[in-house]
Amino acid sequence: MRFRTLEVDNFIIISHGSIDLANQGLVRISGENLDASPFDSNGSGKSSLIEALVWVLWGKTSQGLTADSVVNSKVGRDCRVALDIEDEDSGDLYQVVRYRKHRKYRNEVQLHCNGKDVSGSTNAVTQALIEDLMGVDYRTFLNSVVFSHAGSVKRFTEMTDLEQKEVFERILSLDWVTNLHSQMVDERKRIRSSLSTQHANLKQIQQSILDESDNLNTYVEEEVKFDASKQERIDELTEKRKLLRRERKSSREKIVNNQEYIDASTRKVSDVKSKLTSLEQKYLAGKERLSGRLKDVEVALGISDQSLKRISTKERQINTDDVGTECPVCRQDVTQEHIDRLLADLIKERESLETDQTKNLVRADEIKLKLEEYRKKYQRKVDKLTETLNDYREELRELQDTQRMNRTIQHRIEGIDSQLRDVDLELKRAKERENVFSDLAADSEATLRKLRSELVVTRARIALNNQRLESCEFWVEGFSTKGIRSLLLDGVVGSLNSHAEFYSDLLTGGAIDIGFSTQKQLKSGEFRDSFTITTSNVSGATEYAANSKGERRRIDLCVALSIADLLASRSSKRFNIIALDEVFDNLDESGKEAVMALLNYLSTVRESVFVITHLESLKSQFPNEIRVVRSQGVAEVRSN
């Protein structure tokens, strides 16, 4: 990763400045504070230049300054730092720009690639993109690219075992191991949680099976009781229907029998009435016939009486005195002979009439006698039939009770029919009445089958998860600091020791032996996995803390440079610069010479080596210089 240029505006004390970072060789960064004594560089802002590089990438300085604390206090706004970067692997040109209290861009963080804004949706997303582009984290950057004697970030020698391992894991791009370890830990946690849940489910399923079995037994018992009660009710209603039908049949038979008796009696009365009517008709016909004959005789008698009266009249009219007179009828003369003959004819006619009259009287008497006998005979038959009819009518009157009984029976039959309809309906409902306990029992059996299936599946899942947990435990251990990462760190220890020896020879003349180790020997003599930096000084100091400040300074520098070399050789991202702040502090003259020898060497393996120092005595040994001049509360960057 090649840093090309850095632009700074209103950052801490620097009002404006721009420096080239690529191919600068060995560069001294000095300061001049015109607001203080003429030759005092303290407070000039020279360290702010390197802090701007840290801040633009990480959003905080090595001193831990963040937010508005980095804004130039005199200007109070429009803080902006921009860093141009070249990715040597891809050839892409990036620019990181960070703003604070900017009038236009406020507090934005921007990332551009080949002139195109590729910033994320938020500053946090953009920051993640920048860190991914750098390939190292904030702490590793400050322990390999920027070397400062004071800051919020621990020096590598001050870090814990875990922190040191994290730095190396970042340098060696062991994030995948860390990620896998985290994934395995998460997976183990998930499996344990799943097992806990599954064991709880197993217990719950087992209890549910017991509960459901009790439910099933209850449902089966209730099902049997229900069926027995249902059948008992059906039998009861069937028997009741049978009795009602039998009663209805018996009642109908009674009605039929009674009605037949009534109908027979009614027919008898009707027959008698018919006979009376027929008899009356015959009597009247015979009477009419005899009456007609009697009438004819009486008519004949009437005619005879009239004829006899006429003859008597004629006889009285005949007078012998009339002899010799003219007959008024024939106009002849009336003679005695004529009168005698006339009288004889009248007598003869009278006798004939009287004879006929006598016969007719006898005949009339005979007819009258016949009429009387016919009447009496008719009356006898009528009386007999009337007597029979009266007997039958009396019988019919007696049958009225039977008719009333039939009506009562019919009403009862109607009631029975209504009862039968009710019984049939109730019987139908009884037969159709579903045994809810059958469904409940079936559902319970289905639930039990499902629960037993779930029990088998849950046990299988528990067994499978136990296997997975065993495998996961293996990989948690494998991807832990005691596993693959420890092996990989073991692999770079030799290289680190070689570089540390090289830099120690340059800085201490081999007086201090610096060694990296992945194991630490306990007082018991046992070894434990622990990343350790050992130091051995010919002056007798056997621990880092036992060395002087200057010696610790050189040890820290050796460690930092060794880490930087490891970063350059092993990381996917290497940096073209290194910056060292007041690296000559606490060093004697021989120490300063050793550091200058080291710096000259570094300038041969790095494009740019920036050294912040206030020592004017070393100025001639730096081919290039950047001056930070403070005046009236703000500083400007000037290159020689």
Side-chain angles (χ1 to χ4, degrees), residues 261-400:
Y261 180 67
I262 292 171
D263 291 344
S265 297
T266 303
R267 282 195 301 273
K268 288 178 183 179
V269 171
S270 179
D271 290 344
V272 172
K273 285 183 177 180
S274 296
K275 287 179 180 180
L276 282 171
T277 301
S278 177
L279 180 62
E280 185 180 7
Q281 289 174 352
K282 288 180 180 180
Y283 167 72
L284 292 174
K287 180 181 178 182
E288 186 177 0
R289 187 174 61 255
L290 289 174
S291 295
R293 288 169 62 188
L294 179 59
K295 187 176 182 181
D296 289 342
V297 171
E298 287 176 347
V299 170
L301 286 172
I303 293 172
S304 296
D305 286 342
Q306 289 178 359
S307 296
L308 287 172
K309 288 178 180 179
R310 180 177 56 75
I311 290 173
S312 295
T313 300
K314 282 183 177 182
E315 286 178 342
R316 285 192 303 271
Q317 288 177 349
I318 293 176
N319 191 351
T320 56
D321 292 338
D322 291 333
V323 175
T325 62
E326 185 182 356
C327 177
V329 176
C330 64
R331 298 300 180 184
Q332 292 180 3
D333 290 337
V334 175
T335 65
Q336 187 64 40
E337 182 181 1
H338 180 263
I339 290 172
D340 291 340
R341 192 172 53 247
L342 183 59
L343 287 171
D345 290 336
L346 288 171
I347 291 170
K348 185 178 180 182
E349 184 179 358
R350 176 187 293 276
E351 290 175 351
S352 175
L353 286 170
E354 287 177 348
T355 299
D356 291 336
Q357 190 174 34
T358 299
K359 290 180 180 178
N360 284 331
L361 286 172
V362 171
R363 189 177 298 159
D365 291 338
E366 290 177 350
I367 291 172
K368 287 179 180 178
L369 182 61
K370 284 182 179 179
L371 278 171
E372 183 63 22
E373 290 176 353
Y374 187 71
R375 185 190 65 77
K376 289 179 178 180
K377 183 179 179 182
Y378 165 72
Q379 191 61 46
R380 285 194 299 272
K381 290 183 178 179
V382 168
D383 291 342
K384 186 177 181 180
L385 288 173
T386 300
E387 183 180 358
T388 302
L389 180 60
N390 289 334
D391 292 340
Y392 288 158
R393 283 176 174 167
E394 183 63 30
E395 188 176 316
L396 283 175
R397 279 193 294 274
E398 293 175 355
L399 288 175
Q400 288 178 354

- Query: So does E288 have more than 12 non-hydrogen atoms from other groups sitting under 6.0 Å from CD?
  - Reply: no

- Message: Please check this pair: side chain of T358 against backbone of E354, looking for a donor-acceptor N/O pair closer than 3.5 Å.
- Response: yes

Review point. So, the side chain of S278 versus the backbone of S274: is there a donor-acceptor pair under 3.5 Å, distance only?
Key: no

Closest non-hydrogen contact found for V297 with A364 is CG1-CB, 3.5 Å

### Message
Does this structure show an ion pair linking R375 with E372, if we count only N-O contacts that are shorter than 4.0 Å?
### Response
yes

side-chain contact (heavy atoms from CB on, under 4.5 Å) between K376 and E373, worked out = CA-CA 5 Å; K376 289 179 178 180; E373 290 176 353; 5.6 Å; no

Sorted by chain and residue number, the side chain to side chain donor-acceptor pair (under 3.5 Å) partners of E366 (sequence neighbours excluded) come out as none

Value for CD1 (I367) from CD (E298), rounded to nearest 0.5 Å, stands at 8.5 Å

Any D383 side-chain heavy atom under 4.5 Å of E387 side chain: no

Taken in chain and number order and not counting sequence neighbours, the residues that satisfy salt bridge (charged side-chain N to carboxylate O under 4.0 Å, His left out) with R289 are none

| Taking C-beta and beyond as the side chain, do R293 and R363 meet within less than 4.5 Å on heavy atoms? | no

So CD1 of I347 and CG of L353: to nearest 0.5 Å the spacing works out to 13.0 Å

Separation between NZ (K370) and OG (S291), nearest 0.5 Å, reads 13.0 Å

Which atom pairs, donor and acceptor, lie under 3.5 Å between side-chain atoms of residues 305-312 and protein residues at least two apart or in another chain?
| residue | atom | partner | partner atom | Å |
| --- | --- | --- | --- | --- |
| D305 | OD1 | Q357 | NE2 | 2.1 |
| S307 | OG | I303 | O | 2.9 |
| R310 | NH2 | E349 | OE2 | 2.8 |
| S312 | OG | L308 | O | 3.0 |
| S312 | OG | R350 | NH2 | 2.9 |

